[in-house]
Structure formats: structure tokens, C-alpha cells
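What follows is a set of notes on a single structure, which appears directly below.
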Amino acid sequence: MKQSSYYIPTLKDVTSDAQMTSHKLMLRAGLMRPLAAGIFSWLPSGYKVLKKIMDILREEMDKSTGQEFMLPALNPVEIWDKTGRSKAMGDVMFHIKNREGLVLAPTHEEIITYHAKQHISSYKDLPQIWYQIQSKFRNEPRPRSGVMRGRQFFMKDAYSMDTSYENLGKSYDKMAATYKRIFDRCGIKYFVVGASSGAMGGGGSQEFMVENAFGEDTCAVSDSGYAANIEIATSAVKSVGRIENNPQYEIFDTPNARTINDLINKYNVQEERCAKSLVYIIEGEPVLILMRGNDELNLSKMESVFETSNIRPAGDSELLEITGANAGSIGPLNLKSEIKIYADNLLKDANGLVSGANQNGRHYKNIDLSRDAKILKYKDFRTVQVGEPDVIDGSPLRIVNAIELGHIFKLGTKYSEALDFKFLDQNGKTHPVVMGSYGIGVERMMACHIEQHSDDKGIVWGKTLAPFDLHLIGLNIHKSENVRNACDKIYNDLKENGLDVLYDDRKASIGFKFKDADLIGLPYQIVVGDRMLGNGKGGEVELKNRRTGESKSIELGEIVNYFKAISEN
Ligand code: ATP
Ligand code: MG
């Protein structure tokens, strides 16, 4: 492609509020342009990259027995009403105003199930893996970070259908392996976390995450390979345990203790012996949760323990009414009213504890939870902290932000039951089909690749995703017949040998061309200048590796073979 006539509008700088490297570089390298909040137009070189990603997705999905579909983005809302998701999705779903009853699909579980049900009725028709690469529409409340979170974006979504949970496990594992191959081929470093299932319902799920300061998810990871969303992460911190000869509990005055640190600093209480009590209203009922004094309660863990998200902290007057004291003096013994008490695993059967006495300005010491308190259950309620030993080999945990790149999900029978998608087994018995769903964001793949492959000069494309194989740069091409002729010949030879070349044949300064080439970031640059054309047998050019910055001279006659060898590797 001759750059003089190619639409690749590069920019020295971006004036928009782009913050992420990938967002800035996509704008600067002329890959895409914004049209409205969360809506982007792909320019030719950006679209080429997207298509390369889609090709890899297709190849790997096809290898894994995937069958490609193309489902409409315009959907009748009735189908979505049947699963209750038109309501559950709320404002995220776009509704068409002048054609009542049509919505824009944010994902396709319902439509897949609808079509599968039409012709799949026997165990003989299963298993199936269906996929598509298609636009999704989501009215994201805060679209930002460029194409990472768009209102219209491409997703590779896949759905598996099986006769049993055991077989679903096989499809799920196959998709997990497929995803790993896809991300590896695209040169993206990722880690996998088990995630909470959220509002989708069903069994297990895993997310493929990319570590990134701008990521909206928080994960705990370690060098041993431990990785989990902070919502479910655990560590190997030891429980508080028991001390010997712990006497009866007794009350003591703590008029100046509002916080755990006050207790430690002003009343000489050992930090590990402090227990704090938090009162929540869960499904309308007060529950006290007892934790180590300086631990942080994890709302997601609480939601899964109580299997509801209808949870709020008790207000000040409620606290007083329920416990007899204000925050800071609340504890598990002698509460004003009988309420359920749960405790964190780290406090299991602990003794020698200090906690509020449910009288303002007073605490109990020497509490023995198994002797003195009525703990309904011990559960994991705490958020892990940086530096804690992991559960694999004790390596210290790091807490990182991460971007979700892909998601695999055991749906179970939620959609097949709601849409009456059943099959007959060998004995003529009917069962709902057991389903899975698997998604990858195509633009996110591109953005994550750029996040991981760039430097202060621009993008540093990996070979598999680069919009062109190499950049041919003619220096002073408008002034030198020699340079023009040599470039034209190299360009044609490479093209004939199947290489995709971006040829900078523009009338522009040398410095400008170099800067532009580094910004666009193709893996190799061939620099053709007058001086070197006189070197060697038939003349030489300079070959620069964009990633390492290394340059070497190469004879004109060797260029084609050199690149053929590279492209075959
Ligand atoms: P997020 O938590 O980031 O909103 P999600 O849980 O809504 O993601 P899924 O519904 O599981 O995402 O979609 C599958 C994949 O589609 C995601 O892993 C992500 O790569 C991509 N994706 C989701 N929402 C967007 C978006 N608004 N823009 C671009 N890609 C997206
Ligand atoms: Mg989302």
C-alpha cells in the first residue's frame, strides 16, 4: 500500500481526554476515530488489525469444532422477556423507539437457545458449539478508555450445548484451552481467575484478565501463579487461635476508644486479639458479623454467603436499638436483642479476644468465642491484603487492577429451562439442555495488545496482529530517482512474494517519516537512502527491528529471501 494515497491520518498528539496508552496510540496511529461517546469508526489500518484478530478467533474456534453463525443484532424483546433479562439488563439494553418490541442485542444466549430449540431434540444432536463474531450493543453508563468499553463493539461469543453437566465440563475445558491458544497467538499476557457468577446464574466461570493500571477489576495475584478476583480471593493468613489460661470475660471502661487503633494505642490491647462487630441488615433482618479488628469486610463474599445482594449496613439509630450501643462499642456478647452472629474464619473458636460490650464506652476482654458467644457459622468474609502469603506456596500476594478480556461460563440450564429447550435421552426421558457461554471482546484484544506492546515512540506490533508486515521508507524519495526506483522494485518484489508492505512514498522530511513509522509501529522498517544504495554489490538498505531498535544493512538482492524466511517462521 502506497502511503501517499492511503488513509492513515497520524497525529503528533491527542487533544481529547484519552488516558490509556492504547486509546492515545489508536488515535495517533490513525487506527480509529471516535464518532460519539463509546462509539468508534475503524479506519483502514485499524480494521485490518481487527480482521486479523477475527481470523485467529475463527481459526481456533473452528479447530475446536465451533460452527460459525451470524445472528441479527435486532431482536424481538419477547424472547428476552422469557428469561427476564430485558428487565434485569435495565438501561444497558437499547430499546428501539419507533419500532416497539425490538431491542439491540447486548449478547446472544436467548437467540441461540431460540434457534437451537427449533431443531435439536435428541441426545444424538448433542454436543454442539456455536459461535459468531458480531456487533454487540450495550448502553454502558460510563464509556471510557476508548474501545476498551464501547457502546457498540465486536464480540466473539460462543455457546455450548450438552446432555449433562459432565459433558458441559468437557466443552468448557475445550473452550478454556481454545482461549489460551487465542491469547498466546495474539501475544497477549494474561492470567485466569475464577470469578463470581454475577447476575448470569449457573455454575462455574473464569475470566481471562490482563494486568493494567486502568483495569476496572481488582485481582490478587502472586508469583506462584495464584490469581483470583478480589471478590473471592483467599490467603494463607493464620487464624487467631487460642491462648492458654484465658480467664472469664470481664468488662472494662474504654471511654476514648472509637476505633480499633484507639483500643490498641490507648488501652494496650494486642492488635491480633481485637475483634470488631459490624451489623448489617440482610433481607430486612439484622445480622452481626465478627471480624479481626483491622480486617476489611468483603461485600461480594457476604453476598455469596447470604445468597442475596439485598444487604445494607445498619444505620446509627438501628445500631443503638439492636445492640444497645453505638458503633465502636458493639460486640457479640449480651446484645440488647437476639440477632444472628456470623464470624470470619480467622476467628474460628478464638479466645482472649477484646470486643465491644454493647454499652457505650465499654469493652469486654478475655472473650472465648466457643465458650461465651453464640456464633451461628464461621465463613470467609475478609478481603485479602497485599503481602499476605498465598494458598499455593506462601508467595506474597500482589493486588493489581486488571481488564477482563474474555469470560467462560457454565450457564447450566437457566436459558434452556426459561425457553423450554429440551432433549430426549436414550431412555426417552426429557431433560433441559446444559449450556455454556464464552465471550471475547475483539476491540479489547487489540487495545490490550497495544497496552503490552508499545514504547514512548508508538506502537510496537507483534507479527501476528501488525496491520502490515513491514514499512518501506524511501528517504528523500521526491528528490532521488535512484531511491524511487529501488523502492518501487523492493515494493513490487515483496508484494509478489506475498508480503503486505506499507510503502512510505510521500514527499516528506526524513525525521517526519521516521517518527511516523515508529508511531505506526510495524515490526520491521526497510530504510532506503541514496548513500547506501551505492554500497555493496548491488546496493544496500537499512533494516530496522522496531522492537529492539537494532539496525543492520542488507543487500538489495537479499531482501525478499530475508522476509520470506521471517514470514514462514
Ligand atoms: P465488563 O465487566 O468489562 O463490563 P462483561 O462482564 O460485561 O465485561 P461479558 O458480558 O462477559 O463482559 O462479555 C464478554 C467480553 O466482551 C468481555 O470479556 C469483554 O472482553 C468484552 N466486552 C464486554 N463489554 C464490552 C464493552 N462495553 N466494550 C468492549 N468490549 C466489551
Ligand atoms: Mg459489562
Side-chain angles (χ1 to χ4, degrees), residues 20 22-23 26 32 34-40 42 46 50 53-54 57 61 73 80 83 85 88-94 104-112 131-159 172 175-176 178-180 182-183 186 188 190-202 204-212 214-219 229-231 300 401-411 414-415 435-451:
M20 289 189 82
S22 54
H23 190 187
M26 278 190 195
M32 62 78 172
L35 181 65
I39 307 174
F40 301 91
W42 289 100
L50 277 186
I53 297 171
M54 291 176 185
L57 287 165
M61 288 303 296
W80 288 84
T83 60
R85 281 216 294 180
M89 292 254 171
D91 213 28
V92 167
M93 184 177 248
F94 284 105
L104 289 175
T107 172
H108 277 89
E109 282 81 6
E110 278 79 356
I111 308 306
I112 283 279
Y131 80 96
Q132 63 170 345
I133 301 173
Q134 195 247 24
S135 292
K136 298 284 184 266
F137 296 84
R138 292 184 185 180
N139 187 22
E140 298 280 0
R142 284 166 288 117
R144 54 180 173 193
S145 323
V147 302
M148 286 280 193
R149 185 172 294 289
R151 289 198 161 114
Q152 173 176 351
F153 60 95
F154 290 111
M155 197 199 286
K156 189 290 302 160
D157 46 325
Y159 307 87
Y172 180 89
M175 283 299 108
T178 309
Y179 275 31
K180 289 178 183 165
I182 289 169
F183 299 134
C186 291
I188 296 173
Y190 64 93
F191 58 90
V192 186
V193 301
S196 62
S197 315
M200 276 181 100
S205 87
Q206 280 166 301
E207 292 174 323
F208 291 76
M209 309 295 279
V210 167
E211 187 174 335
N212 189 285
F214 286 89
E216 292 176 34
D217 286 89
T218 309
C219 296
N229 199 301
I230 198 82
E231 294 174 354
S300 307
N401 293 328
I403 296 166
E404 180 196 317
L405 193 53
H407 196 178
I408 59 175
F409 203 96
K410 290 182 182 168
L411 296 172
K414 174 175 167 164
Y415 295 90
M435 299 176 66
S437 114
Y438 315 90
I440 294 181
V442 184
E443 287 91 338
R444 258 190 217 185
M445 294 262 290
M446 179 163 162
C448 286
H449 180 89
I450 296 175
E451 286 291 323

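Numbering starts at 1 and runs along the sequence shown. As the structure lists them, so they are numbered: ligands from 1, and atoms in each ligand from 1.
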Can you tell which part of [X] has a heavy atom less than 4.0 Å from ligand 1: side chain, backbone, both or neither?
X: Asp157; answer: neither
X: Glu404; answer: both
X: Arg444; answer: side chain

With sequence neighbours left out, what residues match Arg151 under side-chain contact (heavy atoms from CB on, under 4.5 Å)? Ala37, Ile39, Phe94, Asn139, Pro143
Quick check on Leu405 - does any of its heavy atoms sit under 4.0 Å from an atom of ligand 1? yes
Val147: heavy atom below 4.0 Å from ligand 1, yes or no? yes
Pick, from Met148, Lys136, Glu207, the option with the minimum heavy-atom distance to atom 29 (C) of ligand 1. Met148
Looking at non-hydrogen atoms alone, which of Cys448, Gly150, Pro106, Pro143 comes nearest to atom 28 (N) of ligand 1? Gly150
Does any N or O in the side chain of Tyr179 come within less than 3.5 Å of the main-chain N or O of Tyr438, such that one atom is a donor and the other an acceptor? yes
Taking the inter-plane angle between the rings of Phe40 and His23 on a 0 to 90° scale, is it parallel (under 30°), tilted (30 to 60°) or perpendicular (over 60°)? perpendicular
Is any side-chain N of the basic residue among Arg85 and Glu109 closer than 4.0 Å to the acidic one's carboxylate O? yes
Ligand 1 and His407, any nitrogen or oxygen pair closer than 3.5 angstrom? yes
What I want to know is whether Met155 and ligand 1 share at least one N or O pair that is separated by under 3.5 angstrom. no
Flag this pair as yes if the NZ/CZ of Lys136 is under 6.0 angstrom from the six-membered ring centre of Phe153 and inside a 45 degree cone about the axis; otherwise no. no
Kindly write out the residues that satisfy ring pair (Phe, Tyr, Trp, His ring centres under 6.0 Å) with His449, not counting sequence neighbours, or none if the list is empty. His453, Trp461
